Amino acid sequence: MVKKYWLVKSEPAEFSIEDLAQSKNKTTCWDGVRNYQARNFIRDEMKIGDEVLFYHSNTDPNAVVGYCKVVKETYTDHTQFDPDNKHYFPKANPENPPWVMVDIKLVKMFKNRVTLSAIKENYKLKDMKLVQRGNRLSVMPVTNKEFDEILKMGNIN
DNA sequence: GCCAACGTTGGC
DNA sequence: GCCAACGTTGGC
């Protein structure tokens, strides 16, 4: 099976990589995704062992701040049934819940955070979905090359 | 805070 | 099925 590579976005005010580092086993369920395209990636393509860039959005500076591994594959996102949860989805049918999630575990925080502007300046990364116009997906695929280039820029070693 | 670019909703 | 209105994302 071929390993895939991903990028997930999170607003650090909601859930930052520091929060992930302090989570039990440095692992969290990636709940709250409410976009069908992103859901399809999570449900159909994210597999255990896939590697995931962790991106901070809506902050200053926006940046890839580390990377993770998928440690649990698609299962029901319980928050869709919880009226008190921000991501409550009243139309969710318990028989066939639309929203799923995976668990990701922190592998490494970057020494050098890879900012959005640095990504835009790197011609090797010009095709990343992240920097393409109008892209709002919170979960998106990246290529093996893009993933390696970001790790290099992050100076993980 | 602004606003472009989307995605979703709901009337028809 | 169309499409206007509305809500959200997310960079700046």
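Convention: sequence-line order gives letters A, B, ...; per-chain numbering from 1. Remember, predicted model here, so these are calculated numbers, not experimental data.
- Considering all non-hydrogen atoms of both residues, A:Leu106 and A:Cys68 come closest at CA-SG, 4.1 Å.
- Between its opening and closing five pairs, the helix from B:dG1-C:dC12 to B:dC12-C:dG1 changes axis direction by 10°, a value rounded to 10 degrees.
- Distance, A:Met140 CE to B:dC6 P: 13 Å, rounded to whole Å.
- A heavy-atom distance below 4.5 Å is not found between the side chains of A:Tyr36 and A:Phe41.
- Closest of all the heavy-atom pairs between A:Pro97 and A:Phe81 is CB-CZ, 3.7 Å.
- When the C1' atom of C:dC12 is taken as reference, atom CG of A:Asp60 falls 10 Å away, rounded to whole Å.
- Taking atom CD of residue A:Gln37 and atom P of nucleotide B:dG7, one finds them 7 Å apart after rounding to whole Å.
- Residues of residues 79-93 of chain A that place a heavy atom closer than 4.0 Å to DNA chain C do not occur.
- For the residue pair A:Asp50 and A:Trp6, the shortest heavy atom distance occurs at OD2-NE1, 3.0 Å.
- Here A:Thr76 pairs with nothing under the side-chain hydrogen bond (donor to acceptor under 3.5 Å, both in side chains) rule; sequence neighbours left out.
- Put simply, the side chain of A:Thr27 never gets that close to the backbone of A:Ser23: no donor and acceptor are under 3.5 Å apart.
- Side-chain nitrogen and oxygen atoms of A:Asn62 include at least one within less than 4.0 Å of the OP1 or OP2 phosphate oxygen of C:dG11.
- Taking side-chain N and O atoms only, A:Lys9 has no distance below 4.0 Å to OP1 or OP2 of C:dT9.
- Judged by distance alone, with hydrogens and angles left aside, the side-chain atoms of A:Glu11 form no donor-acceptor pair with the main-chain N or O of A:Thr59 at under 3.5 Å.
- In the region residues 128-139 of chain A, proximity to DNA chain C at under 4.0 angstrom, judged on heavy atoms, holds for A:Arg136, A:Leu137.
- Interatomic distance, A:Gln22 CD to A:Ser16 OG, rounded to the nearest 0.5 Å: 7.5 Å.
- Residue A:Trp99 is tested with A:Ile42, A:Asp31, A:Asp77 for a side-chain contact (heavy atoms from CB on, under 4.5 Å); the sole match is A:Asp77.
- The phosphate of B:dC6 has neither OP1 nor OP2 within less than 4.0 Å of any side-chain N or O from A:Tyr36.
- Residue A:Glu11 contributes atom CD, which lies 8 Å from atom C1' of C:dT9 at whole-angstrom precision.
- Shown here are the ring pair (Phe, Tyr, Trp, His ring centres under 6.0 Å) partners of A:Phe54, two or more places apart in sequence or in another chain: A:Trp30, A:His56.
- For A:Phe147, the ring pair (Phe, Tyr, Trp, His ring centres under 6.0 Å) partners two or more places apart in sequence, or in a different chain, are A:Tyr5, A:Tyr67.
- A:Asn35 places its CG atom 18 Å from the P atom of B:dA5, with the value rounded to the nearest Å.
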